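The structure appears right after this line, and notes come after that.
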Amino acid sequence: MTNRYAVVLAAGQGTRMKSKLYKVLHPIAGRPMVQHVIDQISSVNVDKVITIVGFGAEDVKEHIGTKSEFVLQEEQLGTGHAVLQAEALLQDKEGTTIVVCGDTPLITKETYQSLIDHHEKSGAKATILTAKAPDPFGYGRIIRNEANSVERIVEHKDANDKELLVDEINTGTYCFDNQALFQALKHVSNNNAQGEYYLPDVIEILQQQGEIVSAYITHNFDETLGINDRVALAQAEKIMKLRINERHMKNGVTIIDPEHTYIGPDVKIGADTIIHPGTILKGETVIEEETEIGPYSELINCYVGKGTIVKQSVASDSKIGNHVKVGPYAHLRPESSIGNNGKIGNFVEIKKTELKENSKVSHLSYIGDAHVGSNVNIGCGTITVNYDGKYKYVTTIEDDSFIGCNSNLIAPVTIGKGSYVAAGSTITKDVPEGSLSVARARQTNKEGYASKIKNQKKD
């Protein structure tokens with residue numbers, strides 16, 4: 001098998017983005033665009049990935065990590081100059097080198113694989129990834145000869161009337177014979193208006209040497225979109241979103257309104273799940289079969305068990321068991337765990353808390369830093385008072401307990417197994433197993449006193 005190498009061009013600042021964030025780090029579907037490129041190109045079994053970095057080099061390295069080697073382009077002197085920076089790592093290698101742009105996050109591994117296969121079967125020294133553009137304005141045109149081989153690339157501004165009618169365009173992605181690439185790069189000149197060294201000049205040099213230059217046409221023009229400004233960023237986000245949603249739908253997930261559903265690239269969803277409009281699923285969220293999510297719910301890095309329903313709620317870094325009902329308008333903060341057949345009702349906030357199976361917090365409560373056993377019922381308006389202004393403390397509610405409405409549990413405190421807390425109580429001491437705890441002032445009725453107050457107000 002031929003050795004394969006990839007060079008990713010990610011040194012540009014991207015001034016048209018008008019941002020302090022370097023262009024290739026702008027996210028598409030929650031990932032930096034350059035990470036999409038590297039993830040896809042790494043999937044075609046390349047032996048080495050080299051990313052050319054410049055502006056924001058350390059930030060780019062931090063995001064990509066060990067998936068690539070890096071070379072610094074200290075001065076941005078054109079795409080040809082950028083590739084030349086990898087010479088020390090590749091010049092003595094034999095095989096195929098694919099050069100891709102870090103701002104083309106939509107090209108798939110299937111397209112990269114097809115390009116490489118076409119290049120290696122054709123025996124070409126260079127192969128250009130091309131596409132048929134509905135509107136080729138602004139793109140370099142691929143001019144072919146009578147044998148259908150690539151004759152030259154003509155930039156839009158240099159094309160004549162006949163060449164302007166050509167709709168096959170250069171996408172900026174190439175395959176090269178590695179040795180031929182670096183030999184040709186030494187002959188690239190910067191004798192142009194910008195004073196830069198351009199990678200497409202390698203194509204002309206190889207043709208002048210009598211080498212075969214080929215082209216592979218991708219059938220999906222949208223894949224080749226380059227991100228140079230916020231408008232293109234939004235276009236890419238939409239394309240990626242629909243691509244991800246279609247994949248889930250083909251795998252048996254019902255998405256009611258794909259246009260208004262956001263699912264991140266790492267999310268996993270089981271079959272026969274229903275996703276309602278306005279739902280946002282991010283991070284490494286896993287949703288098992290036969291669940292129902294939304295409308296207007298946001299889950300980040302969550303596990304959701306089989307048959308669970310989450311409506312109009314927000315959860316992050318939490319685990320939700322099987323056949324649980326969450327919402328509407330619930331908030332599960334990080335490190336929360338809801339056991340099977342549980343319920344987290346409307347306007348309930350859970351934080352760093354474990355509720356075991358069959359336990360319920362039905363409405364209008366805050367349960368934080370707590371361990372809640374199984375078969376526990378927590379009444380409306382209950383609060384675990386977990387913070388004294390300096391430290392957080394844990395509340396423990398053991399199995400089969402009942403917490404009456406509007407109770408304050410002052411942590412650290414334990415409610416023993418099978419115990420009852422009367423409504424309106426403020427609990428400051430542990431409640432023994434099987435006990436009833438009442439902690440509220442004795443009611444006093446002063447008959448006729450309301451009339452006295454009213455008369456005082458009149459005076």
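Only this structure's heavy atoms are used, side chains among them; waters, hydrogens and symmetry mates stay out. All values derive from a computational prediction rather than experimental measurement.
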Aromatic plane relationship, Tyr139 with Phe221 - under 30° parallel, 30 to 60° tilted, over 60° perpendicular: perpendicular
Aromatic plane relationship, Phe402 with Tyr420 - under 30° parallel, 30 to 60° tilted, over 60° perpendicular: parallel
Salt bridge check: are [X] and [Y] linked by an N-O gap of less than 4.0 Å?
X      : Y      : value
Arg144 : Glu168 : yes
Asp399 : Lys417 : no
Arg31  : Asp266 : yes
Asp167 : Lys132 : yes
Asp222 : Arg243 : no

Test item: [X] side-chain N/O and [Y] main-chain N/O as donor-acceptor pair under 3.5 Å:
X      : Y      : result
Ser365 : Val361 : no
Ser336 : Arg333 : yes
Thr353 : Ala370 : yes
Asn341 : Glu357 : no
Thr273 : Glu288 : yes
Gln35  : Ile64  : no
Ser407 : Thr382 : no
Asn322 : Lys306 : yes
Ser425 : Ala439 : yes
His36  : Ile28  : yes

Residues His323, Thr308; criterion side-chain hydrogen bond (donor to acceptor under 3.5 Å, both in side chains); working and verdict: CA-CA 4 Å; His323 305 290; Thr308 286; over 6 Å; no
Given side chains that start at C-beta, do those of [X] and [Y] come closer than 4.5 Å, heavy atoms only?
X      : Y      : value
Leu89  : Val71  : yes
Pro200 : Tyr174 : yes
Arg141 : Leu164 : yes
Asp369 : Thr395 : no
Ile320 : Val326 : yes
Ile275 : Thr254 : no
Thr171 : Thr104 : no
Ile128 : Tyr216 : no

Any side-chain donor paired with an acceptor under 3.5 Å for [X] and [Y]?
X      : Y      : answer
Glu120 : Thr96  : yes
Gln73  : His81  : yes
Lys352 : Asn386 : no
Thr111 : Thr108 : yes
His248 : Asn245 : no
Asn445 : Tyr449 : no
His331 : Ser313 : no
Tyr262 : Glu298 : no

Tell me the closest heavy-atom pair linking [X] and [Y], and the distance in Å.
X      : Y      : answer
Lys343 : Val324 : N-CG1, 4.5 Å
Ile41  : Ala6   : CG1-CB, 3.8 Å
Leu242 : Glu259 : CD1-OE2, 4.1 Å
Ala215 : His118 : O-NE2, 3.2 Å
Ala86  : Val7   : CB-CG2, 4.4 Å
Asp103 : Lys23  : OD2-NZ, 2.8 Å

Verdict with reasoning, Ile263 to Ile269, per side chain to side chain contact (heavy atoms under 4.5 Å, CB included): CA-CA 10 Å; Ile263 302 174; Ile269 307 175; 3.9 Å; yes
Approximate separation, where rounding is to 0.5 Å, of Cys302 SG and Asp317 CG: 6.5 Å
Kindly list each side-chain donor-acceptor pair under 3.5 angstrom involving residues 431-438, sequence neighbours excluded, with atom names and distances?
{"from": "Ser435", "atom 1": "OG", "to": "Pro432", "atom 2": "O", "distance (Å)": "3.0"}

Using a 6.0 Å cut-off, check whether atom [atom1] of [X] has over 12 heavy atoms from anything other than its own residue.
X      : atom1 : answer
Glu110 : CD    : yes
Arg247 : CZ    : yes
His260 : NE2   : no
Lys360 : NZ    : no
Lys241 : NZ    : yes

Working for ring pair (Phe, Tyr, Trp, His ring centres under 6.0 Å), residues His363 and Phe347: CA-CA 6 Å; His363 34 231; Phe347 301 105; over 10 Å; no
Residues which pass ring pair (Phe, Tyr, Trp, His ring centres under 6.0 Å) with His371, listed by chain and number, not counting sequence neighbours: none
Tyr387 six-ring centre to Lys392 NZ/CZ under 6.0 Å and within 45° of normal: yes
Worked verdict on Thr173 versus Leu115 for side chain to side chain contact (heavy atoms under 4.5 Å, CB included): CA-CA 9 Å; Thr173 296; Leu115 171 64; 3.9 Å; yes
Stepwise side chain to side chain contact (heavy atoms under 4.5 Å, CB included) check, Glu289 with Asp272: CA-CA 6 Å; Glu289 297 179 349; Asp272 292 318; 5.6 Å; no
Pair Leu281-Ile287, side chain to side chain contact (heavy atoms under 4.5 Å, CB included): steps then yes or no: CA-CA 10 Å; Leu281 306 175; Ile287 299 172; 3.7 Å; yes
Side-chain atoms of residues 49-63: list all donor-acceptor pairs with protein atoms under 3.5 Å, sequence neighbours left out, distances to 0.1 Å.
{"from": "Thr51", "atom 1": "OG1", "to": "Ser68", "atom 2": "OG", "distance (Å)": "2.7"}
{"from": "His63", "atom 1": "ND1", "to": "Asp59", "atom 2": "O", "distance (Å)": "2.9"}

Intermediate values then yes/no, salt bridge (Lys or Arg N to Asp or Glu O under 4.0 Å), Lys67 and Asp39: CA-CA 8 Å; Lys67 293 184 177 181; Asp39 287 346; 2.8 Å; yes
